[in-house]
Every structure is written in structure tokens, then in C-alpha cells.
Amino acid sequence: MKKIIIILTIFLFYNIPAHSDKLLKNGFLNNNMDYAKEQNIINPKDKIILIYNHGQDRHDKPSKKTCVWKNGIRNFSSLVGKKVDEKEIMLYLLCTDHLAGDDWKRLWTGKKLNPPYKGKLKLEKRLDANLDIIDFFVSKGIPNKQIIITGHSCGGWMTMMLTARYPNKVGGGISLMQACYGKQSKERKVKKNGVEKALTKFAKLDPGPAKMRQNQIDEISKSKNLPVLVFTHPKDPYDGLLSDWVEKIPGVKRVIISQDKKINGKKCFRIGINNGKEWKEKVKKYHDMDMVDCFQYYNQTILDYITKRVSS
């Protein structure tokens with residue numbers, strides 16, 4: 001009964017004001033960064049569904065006000081309606097930040113969390129929500145290989161976990177700026193101290209989260225073929241300089257997004273909507289480099305990847 005309720009909640013479309021800047025509910029999106037009028041799947045075998053997973057603002061804690069700002073979904077929204085191998089791309093936004101880890105009151109509270117963690121992590125519950133919606137789409141006639149998991153930050157980290165653990169559930173994954181354990185690259189001064197010393201310090205200061213992170217990396221790395229397209233940036237304060245491990249996994253294709261706030265030599269900007277009016281500003285955070293206007297330079301790379309996965 002609980003699973004049925006979760007699936008219905010996941011797929012239920014909510015009406016959001018036309019000028020809302022933030023998308024807070026689940027549903028298919030159009031190519032204008034808003035909810036599509038048609039929420040049904042017509043001719044499922046001719047569709048490719050990208051399931052987008054947002055990041056986490058409060059680590060393991062619940063949050064009912066976090067999902068995606070419209071500017072954050074700009075690039076994937078621009079792919080809606082495009083055809084790959086005669087199949088049309090659809091984009092489904094999955095909001096799961098309302099979930100909470102069972103032991104969240106001990107995690108990231110300023111105190112050392114010594115393992116074991118009691119119960120299930122928020123990240124694991126988000127993964128389960130993805131499995132539910134995947135099964136729902138398959139029941140509607142979408143072939144598994146035509147479902148691609150995508151995600152930013154913690155959503156990108158979860159994307160790799162799911163594709164490694166359940167390789168036959170989806171056609172592949174697209175991970176953007178994967179990270180789920182704080183600004184380790186910046187705070188541990190990886191550029192100055194090196195990866196090994198930085199992670200040793202992390203383990204000393206936060207043994208619980210550090211062990212969780214390494215256990216998840218170990219699980220992902222055991223994959224014999226992980227068909228995931230991974231985007232990282234060396235100046236991303238989260239896992240920017242801690243991402244080399246992904247290249248050691250068979251099947252992973254890693255794209256390093258420049259060395260600055262430019263892509264293909266073009267200066268990038270964040271463009272969003274505020275009360276129905278567009279705004280434009282300089283990029284402030286390297287962690288947002290997959291959300292900037294010129295990231296669409298990589299759309300062909302993404303489309304080529306999807307073509308390969310769907311046709312395989």
C-alpha cells in the first residue's frame with residue numbers, strides 16, 4: 001500500500017503558478033523550463049525519458065522547499081522534444097528533498113557521527129524513489145533502455161549509485177558535478193595538500209560521513225561496466241579535485257568542464273526567471289557550471305551519448 005501511494009504521489013501532476021521561479025513538484029517539463037500541459041505518455045515505445053534528480057541543500061535532513069530553480073533545469077529542458085533514433089525526448093522532474101534519513105539528527109550536526117548509521121540514508125531513499133518511478137514508466141510501456149537517470153550534485157552521485165547497483169534498470173546515467181558530502185575539495189585544500197591527505201583529514205574530522213562516502217565509491221567502482229556520462233569541474237569546491245576515481249571505472253566517460261567560468265572560450269552566465277521576467281548574472285559558483293547558458297555547448301555530447309545507449 002505504501003509503495004502504491006509513493007508511486008501515485010510521484011506521478012501526480014500539480015498545478016503551479018505560471019510565474020513560479022522554483023519547481024517544487026514532480027512532473028514532465030516542457031522546453032521552456034515549466035511543466036508540460038500533457039502529462040501522459042503517448043506512444044511509449046517512441047519516447048526516451050530523462051529523469052532529473054536535484055541536489056541536497058540540507059544533507060540528510062528533510063526539506064519541503066527545495067527541488068529545482070528554473071535556471072537550474074535550463075539545459076536539460078532545452079532537449080525536450082528532440083529526437084534520438086526517431087524517439088522523442090521527455091524530461092521528468094523528480095523532487096525528493098522532502099525525504100529524510102532515519103538518523104539525520106546525528107548526521108552533519110557539528111558532532112562526530114561514528115558508524116554505524118542507524119537506518120536508511122536519505123540518499124538511499126531517493127534511490128528507492130527512482131526505482132519506483134522507473135518501474136511505473138516501464139509498466140506504461142517505456143523500455144528500460146529508453147530511461148536515462150540524470151542528476152546534479154547529490155543527484156549525480158545517486159545516479160552513479162543506481163546505475164552501478166541496477167545496471168539493467170536503465171539505459172544509462174548522466175551525472176553532473178557529483179558530490180554529496182560537503183565542500184571537501186575546498187575545505188580540505190586538496191589543491192595544496194593532495195587528495196590522500198585531504199581525505200585523511202576528512203576521515204578524522206567526520207568519520208561517519210567519510211566512511212559512507214568511501215563505501216559508496218567502493219560499491220560504484222566495482223562495476224564492470226558503468227555507462228555513465230560524468231561532468232566535473234576542477235574548481236568545483238565540493239568534489240572538483242576529488243573526482244579522478246570515476247575515470248578508473250570501465251564504461252564511464254568523463255568530461256572536464258574547462259578550467260574557469262568559460263566553456264569553449266565563451267564566457268558563461270546564469271539566466272533565470274523572476275516573476276515571469278528573465279534575469280542574467282555572472283557565474284558565482286563553479287558548482288553551478290552545468291546550469292549556465294553556455295553549457296548547451298555539451299548538448300550534442302549528451303545527445304550522442306543517449307543515441308549510443310538507446311541504440312545499444
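Computation of the quantities below employed the complete heavy-atom set of this structure, encompassing side-chain atoms and omitting hydrogens, waters and symmetry-equivalent molecules.
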Q | Under 3.5 Å: donor-acceptor pair, side chain of Glu86, backbone of Lys83 | A | no
Salt bridge (Lys or Arg N to Asp or Glu O under 4.0 Å) filter on Lys169, not counting sequence neighbours, yields Asp135
(message) In the structure I gave you, are the side-chain heavy atoms of Lys125 and Asp102 within less than 4.5 Å of one another anywhere?
(response) yes
Task: Stepwise side chain to side chain contact (heavy atoms under 4.5 Å, CB included) test for Leu123 and Gln56 - done: CA-CA 9 Å; Leu123 190 63; Gln56 292 178 196; 4.1 Å; yes
Residues at least two apart in sequence or cross-chain that pass side-chain hydrogen bond (donor to acceptor under 3.5 Å, both in side chains) with Lys105, listed by chain then number, are none
(Q) Run Arg188 and Leu199 through side chain to side chain contact (heavy atoms under 4.5 Å, CB included) and show every step you take. (A) CA-CA 8 Å; Arg188 310 307 171 208; Leu199 292 179; over 6 Å; no
- request: Would you please say whether a donor-acceptor pair under 3.5 Å links the side chains of Gln178 and Thr232?
  value: no
**Message:** Set out, in order, the CA-CA distance, both residues' side-chain angles and the distance that settles salt bridge (Lys or Arg N to Asp or Glu O under 4.0 Å) for Asp60 and Arg106, then state yes or no.
**Reply:** CA-CA 9 Å; Asp60 215 38; Arg106 288 203 308 145; over 6 Å; no
* To do: Give a yes or no on whether the backbone of Gly119 and the side-chain of Asp103 come within a donor-acceptor separation of less than 3.5 Å.
  => no
message: For Phe28 and Phe137, I'd like to know if the aromatic rings sit close, meaning centre-to-centre distance below 6.0 Å.
response: yes
Item to check | His287 versus Ser153, side-chain donor and acceptor atoms under 3.5 Å | outcome: yes
Residues passing the side-chain hydrogen bond (donor to acceptor under 3.5 Å, both in side chains) test with Glu187, sequence neighbours excluded, are none
Side chain to side chain contact (heavy atoms under 4.5 Å, CB included) test vs Leu162 passes for just one of Ile220, Val228, Ile149, namely Ile149
Name each donor-acceptor pair under 3.5 Å that joins a side chain in residues 47-55 to protein atoms two or more places apart or in another chain, with its distance.
unit_1 : atom_1 : unit_2 : atom_2 : d
Lys47  : NZ     : Ile42  : O      : 2.6
Asn53  : OD1    : Asn130 : ND2    : 2.9
Asn53  : ND2    : Asn130 : OD1    : 3.0
Asn53  : ND2    : Thr150 : O      : 3.1
His54  : NE2    : Thr96  : N      : 2.9

- Under 3.5 Å, is there a donor-acceptor pair between the side chain of Lys22 and the main chain of Lys65? yes
May I ask you to decide if Pro167's main-chain N or O and Thr163's side chain share a donor-acceptor pair within less than 3.5 Å? no
Run Asp34 and Lys70 through side chain to side chain contact (heavy atoms under 4.5 Å, CB included) and show every step you take. CA-CA 7 Å; Asp34 213 335; Lys70 287 188 176 181; 3.1 Å; yes
So CD1 of Ile142 and NZ of Lys140: to nearest 0.5 Å the spacing works out to 11.0 Å
Residues passing the side chain to side chain contact (heavy atoms under 4.5 Å, CB included) test with Asp304, sequence neighbours excluded, are Gln300
For a side chain to side chain contact (heavy atoms under 4.5 Å, CB included) check, start with the C-alpha distance between Leu121 and Trp104, then their side-chain angles and the critical distance, and finish with the verdict. CA-CA 8 Å; Leu121 282 165; Trp104 70 268; over 6 Å; no
Those residues at least two apart in sequence (or on a different chain) that pass ring pair (Phe, Tyr, Trp, His ring centres under 6.0 Å) with Trp245 are Trp157
Which of Ile256, Asp260, Val190 passes side chain to side chain contact (heavy atoms under 4.5 Å, CB included) with Pro234? It is Ile256
In short, side chain to side chain donor-acceptor pair (under 3.5 Å) pairs touching residues 192-203 with sequence neighbours left out are none
Any donor-acceptor pair under 3.5 Å from Gln146 side chain to Gly171 backbone: no
Taking atom types as modelled, is there a side-chain donor on Asn299 or Ser78 under 3.5 Å from an acceptor on the other?
-> yes
Expected list for residues 279-286: side-chain donor-acceptor pairs under 3.5 angstrom, two or more places apart:
unit_1 : atom_1 : unit_2 : atom_2 : d
Glu281 : OE2    : Arg270 : NH1    : 2.4

Taken in chain and number order and not counting sequence neighbours, the residues that satisfy salt bridge (Lys or Arg N to Asp or Glu O under 4.0 Å) with Arg165 are Glu124, Glu219
Check: What's the verdict on salt bridge (Lys or Arg N to Asp or Glu O under 4.0 Å) for Arg213 and Asp239, showing C-alpha distance, side-chain angles and the deciding distance?
Finding: CA-CA 11 Å; Arg213 179 183 182 276; Asp239 268 39; 2.9 Å; yes
Taken in chain and number order and not counting sequence neighbours, the residues that satisfy side-chain hydrogen bond (donor to acceptor under 3.5 Å, both in side chains) with Asp46 are none
Check your understanding: Does Tyr305 reach the main-chain N or O of Ile174 with its side chain, forming a donor-acceptor pair under 3.5 Å?
Key -> no
The ring pair (Phe, Tyr, Trp, His ring centres under 6.0 Å) partners of Tyr298 (sequence neighbours excluded) come to Phe231, Phe295
Report yes if some heavy atom in the side chain of Phe76 is under 4.5 Å from a heavy atom in the side chain of Asp290; otherwise report no. no
Using only atom types and a distance under 3.5 Å, with no angle test, would you say the side chain of Ser139 pairs donor to acceptor with the backbone of Phe136? yes
Notebook entry, point to check: Is there a side-chain contact between Ile263 and Met289, using heavy atoms and a 4.5 Å cut-off?
Noted result: yes
Query raised in the report: Does a side-chain heavy-atom distance below 4.5 Å link Ser185 with Asp236?
Result: no
Residues 241-258 vs salt bridge (charged side-chain N to carboxylate O under 4.0 Å, His left out), sequence neighbours excluded, gives Asp244-Arg254, Glu247-Arg254
